[in-house]
Structure formats: structure tokens, C-alpha cells
Amino acid sequence: MLALENVHTYYGKSHILHGVSIEVRPGEVVGLLGRNGVGKSTTLKTIMGLVRPAEGRVAFEGRGIGGMAPHRLAHLGIAYVPEDRRIFRLLTVLENLRTGLDRPGLTDRRREELLQKVYGSFPVLRERRDQAGGTLSGGEQQMLAIARAMMLEPKIILLDEPTEGLMPRMVSQIRDIIQVLHRDGVAILLVEQNVPLTLEASSRVYIMEKGVVRHHAPAAELRANQAVIHQYLGV
Amino acid sequence: MAIPFDQILIQTVNGLVNGMILALVASGLTLIFGIMDVVNFAHGDLVMLGAFVGATTIAATGSFWLAFLVAALVIAVFGAALQASTLRPLLGRDPLTTILATFGISLVLQKYALWQWGPSARKIQEPITGQFAMFYLEYPWYRVATAFFAGAIIGAFWLFLKYGRYGIWIRATMQDRIMASAMGIPVPLVHTAVFAIGAAMAAASGVLFGPLGGVTQTMGFDFTLRAFIVVVVGGMGNLGGSILAAIFISLLEAYASIIVSPSQAVIVSFMALILTLLFRPTGLFVPTPSSSGACWRCRRTS
Ligand SMILES: Nc1ncnc2c1ncn2[C@@H]1O[C@H](COP(=O)(O)OP(=O)(O)OP(=O)(O)O)[C@@H](O)[C@H]1O
Ligand SMILES: [Mg+2]
């Protein structure tokens, strides 16, 4: 469904991705691991059209999407939850959700269903719906960022380090929502530092090192043989 | 020295009336800045073009209100074309490039108006005649009506921003262009639409102002200057702040004109501008930097 083939990305003159190839199939949860600064976030930004790949092919459902504007990718069914969450701080929680809901072609009934669904998964967002996004705690902002992406009814969600800096209770809530999304048939490309969570949630895992994919294996295989993980991640 | 109470009241009404028209101009300017980081130095010339289009329509049809609508629509379409052709390619460049571009547009529009409508001033006939007595003055109802209409337009736009289905697109894009885009909001279209809305508000102000001050091809400069002062004092890109600042500055000028001549009263606006830049460069009417809202512009740059 989503395929990167030999993608090269630059920030100005610095060459960050050196030929990344990754594939995500419909409804699949795929993990992307790697140390700090190897280019995981850049990979997601390249998919989302926030940086343009200089070389290689990015395809979604068979069509090339390299260089397409982010809003068009969102319409195709790709949603993005950035590392820094990027909540609209001055908008209320409900208004943050409305940025994904207030679009042409969505019936009032479907809007309400989508809202009730995220309120079901994240009751705290219902409680705080009239509060400014900027006043939420880090964990609540993470939930809002995921909930906001869900408003787009995406086929795939690009999740960048959703558990970074969260308390264990919040981490388990994120784990639950990944499961819910997976059950609903939404594919996820999950960038994480939390290795146990990634191995548990994903079916396959890519490991990146210095701008390239060094290793690729089913999660079950990595769970059984953690030596590879030690080798690349040093954990 | 004692200032007579009736003078103060009359100048309060004057200040509010001028303030509301200025607020309508400044709203567009601040919106355009807030959403695409462009200081539109041609904004006053959109006021001027709107006034001329209005005057021409009135001459042809005799209807002020039709002229009001036609001017707003024509200038909105014109503004959209202007943004898409000239400003869209410059998005994200050094602010100097857009300053030069809009300054150039301003000159072109003024020369065009001179060529099209000639150097002599036009007068728009006010649609509401009649006056009411205010102390020793016969105060025209039309002046009060302009404040009301300007306020109604601003209010309607405010409601659209807050509750309208696409109002949220504008607010989200203002805060974080990139995340808005990732949420499926067509940011280039929003930019063009906001420029068109700002241009329509400018044109509406021009037609409303026509009966009060006359229509000339150089009238735009004064609007640009005042709106710019208001936008800085109100906090760049802050809609509510600009509206408050427009009223504040206009009241200041009105009160000053009790003591000095009206042409000297302009000085207090500049003083307000300079004092704001010295002591509160983020604007008088924005939340203090300690509160969460003040730094929203920081996030957009990444
Ligand atoms: N906007 C930018 N301009 C220039 N260089 C950048 C920019 N963003 C990231 N980089 C550099 O690109 C490299 C890869 O960054 P990226 O954010 O993709 O890493 P990451 O794998 O997500 O790391 P982390 O685990 O810390 O989030 C880093 O060396 C980083 O310094
Ligand atoms: Mg990262």
C-alpha cells in the first residue's frame, strides 16, 4: 500500500536519507526503530510531503506521491502524528479535532460517530473539549494528536514516537489505541524508541542506521532473538 | 484648563466612527499578515480601488448598496488574482521580497487609478441622509451607520472564524501552516481566500468612507499607514488586538484634536506606535508572554 524505494532526502546540503526502502501493506502495523538522529522522523516527513525526496520513489496504493502537497496526501488517506505533536495551541480540543472533521463530504452523522469514537477511546478529551490545546499535559496532547489524525478516517497513520516522555499509564493507553486502530484495519508506520512496545505492536520491524535501513525482520523473530536489537540499538 | 463635556462626547462618537472603519481595514491587514507573514503595503490601495469601483457603480446604477456589494466582490476577485499571481510564489521568502512586491503593487494600483479615473476627487452620495442634534452639532446619521456596518461586517466574520465550517481552516492555518496542511486543509487555497476576504473588507471600507472623505487615487496611503500602526499596536496578526487598537488609536486622535488641530492630532498615533515598539513590541493587546498563547508563532517556523 505504502512503498518507499531507494529514497534520498536532503535538508539543504546535508544528505539525511541514503536510499531508504520500506513497505507497509494494508492494515499492517510496521515498526521503524533506530538510534537518535538516524533519519526516522525524516522518513515520515518525506512520506507526508513535508520534505521532498531528491531521488527514489514514494508510492501510495500504486501511484507516485513524491512531491505531492501534504493536504492532498491527507485526502488520499495518509495521516501524520508528528514527534512534537504540533497541537494547535490556541484552538480548543474540540476545534483541534474539527480541523480534521470540517471537510467537504462528511455527513453530520459520520462526524458525530467519529467524535464519539475518540471520546470513547480518550475520555479525557471529552472532559477537556472546550479547553485550549496548549493547556493540556504532554500525554493529553499526544492523545489529542492521535485523535486528530483519526478524524481524517485515514488508511494509514504515520506515528512518530507517540510514547516519548509519557508516564507508564499513558504509554499503555497509547498501546491500546494502536490495537484499536489495527482492529479497525488502519495501517500504522510506528517510529519508536520503546523497543518492547514496538516488538509487541508490530508485525514487521525495520531498523535504520545513518540514513539507511540496515535490518528488516518479522517482529516475532526479533522478539525471539534480541541480539540483533542489541547490535543496532545498543539496548 | 477645562475641557467641555460636550466636546468630549462628540469626539468620543467621532473616534468610535473612525475607529470602526479603520478596524475594518486593519482586520484584513492583520489577517493577511497573520496567515502568510506578508505585510500588505498595497492594502490602502485596495480601499481606494474599492471606493472607485463603488463610485463608478453608483454613477451607473444610482444604488449605494449595490455599489457596496459590487465593490466588495470585484475587489475580492481582484485580490485573489493578485495573491495567486504575485504573493503565492514568494511564500516563505525573506520578508523584504514581499514588502517590495506589495509596495510595487501599491504604486501600480495608484497609477492605474490615475489613468482610469483621473486626478480629480469623486464624491459618493451618502445613502442615509438626515442628522440628529448632538449639543451644538447636527451630527449625520450616516456616520453612525458606517460604524454600525463596519462593526457588523467584522462581527459576521468573527462568527464565521469561530463557528463556520471553514473558519477553522483559517485559524488552524494561522497557527501552524504545516500541521494544517497535514490535516488535509488546502493551505494555498486558504491563503488566497484570506487575501480575498481582506481585500473585500478593504473595498467595503472604501465605499463606506467615500461619502465622508471623497475618493482620490492617493487616499490609500493614509489607510495603509493608519492600519499599519493599528496592526503593530494591536499585535501583528492578532485580529481582536487590531480591532481594539483601531478604536483606541482613533479615540486618542479624536481627543487630541480637542486640544490641537486635527492634522496635528495624527502625531499621537505615531507616538503610540513608537511607545509600543519601545516598550511592548509584541503589541498592546496581546496576552502577556508568560501565557501559553504568546509563543504560537515560534512553532510555525520549524
Ligand atoms: N530541519 C532540519 N534541517 C537540517 N537538518 C535536520 C533537520 N531536521 C533534522 N535534521 C538532521 O537530520 C538527521 C535525522 O533527523 P531525524 O529527525 O530524522 O532523526 P530521528 O531518527 O527521528 O531521530 P530522533 O530519534 O532523535 O527523533 C539528524 O542528524 C538531524 O540533525
Ligand atoms: Mg525523530
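Worth saying up front: this structure is predicted, and the values here are computed from it rather than measured. First the proteins, then the strands, lettered A, B, ... as listed; each starts at 1. Atoms considered below: every heavy atom in the structure, side chains included; atoms not considered: hydrogens, waters and symmetry mates.
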Has B:His43 got a side-chain atom pairing as donor or acceptor with B:Gly28's backbone, closer than 3.5 angstrom?
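A pair under 3.5 Å: no.
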For B:Arg93, does its backbone N or O pair with a side-chain atom of B:Thr97 as donor and acceptor, under 3.5 Å?
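Between the backbone of B:Arg93 and the side chain of B:Thr97 there is no qualifying donor-acceptor contact (under 3.5 Å).
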Quick check on A:Leu91 against chain B: is it the side chain, the backbone, both or neither that has a heavy atom closer than 4.5 Å?
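For A:Leu91, the contact with chain B is made by backbone and side chain together.
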Is it the backbone or the side chain of A:Arg148 that comes under 4.5 Å from a heavy atom of chain B, or both, or neither?
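Both parts, backbone and side chain.
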Considering residues, nucleotides and ligands other than B:Phe160, do more than 12 of their heavy atoms fall under 6.0 Å from its CZ?
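Counting neighbours around CZ of B:Phe160, more than 12 heavy atoms of other residues, nucleotides or ligands fall under 6.0 Å, so yes.
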Distance (rounded to the nearest 0.5 Å) between A:His15 NE2 and A:Tyr10 OH
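Going from NE2 on A:His15 over to OH on A:Tyr10, the span is 4.0 Å.
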Taking every heavy-atom pair that is under 4.5 Å apart, which of A:Pro104, A:Pro154, A:Ala79 has the most such pairs with chain B?
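The residue among A:Pro104, A:Pro154, A:Ala79 with the greatest pair count is A:Pro104.
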Looking at B:Pro186, B:Gly164, B:Ser181, which one has more heavy-atom pairs under 4.5 Å with chain A than the rest?
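Highest number of heavy-atom pairs under 4.5 Å: B:Ser181.
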